[in-house]
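Just below is one structure, and these are the notes that go with it.
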Amino acid sequence: MFLRRAPNPELAGHPFRRTLPAHVLRPLPMFEPEVEAAIAALQLPEGVRSKPVDPKRITRQDVKDFLLAYCACFMAVSAFIF
């Protein structure tokens, strides 16, 4: 049986990583193929995600959602500390 190892085992660092095959250590793609296809279908310029938020259009529901999330995080951290 043929055992494939990392291309440069000295750079692997940990003894367990030295035993891994080369395909495990290769870098992962930035996006999945279906996400790249969806981005290409929209034909948007790179880096465009959504319109910038206009601070004058913040609604009461936005403030409520923010305060709810803030209080929930504050309570969780407080419960963890004490």
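Basis for what follows: all heavy atoms, side chains included, without hydrogens, waters or symmetry-related copies.
Under the 3.5 Å distance criterion, the side-chain polar atoms of Asp65 are left unmatched by any main-chain donor or acceptor of Asp62.
Contacts of Val77 classified as side-chain contact (heavy atoms from CB on, under 4.5 Å), with partners at least two apart in sequence or in another chain: Ile81. For Lys56, the side-chain contact (heavy atoms from CB on, under 4.5 Å) test picks out Asp54, with sequence neighbours left out.
Both Leu67 and Ile58 belong to a common hydrophobic cluster when Ile, Leu, Val, Met, Phe, Trp and Tyr are linked at side-chain heavy-atom distances under 4.5 angstrom. By the criterion of side-chain heavy atoms lying less than 4.5 angstrom apart, applied directly or through intervening Ile, Leu, Val, Met, Phe, Trp or Tyr residues, Val24 is grouped together with Phe16 in one hydrophobic cluster.
Ring planes of Tyr70 and Phe74: parallel class, angle under 30° (limits at 30 and 60°).
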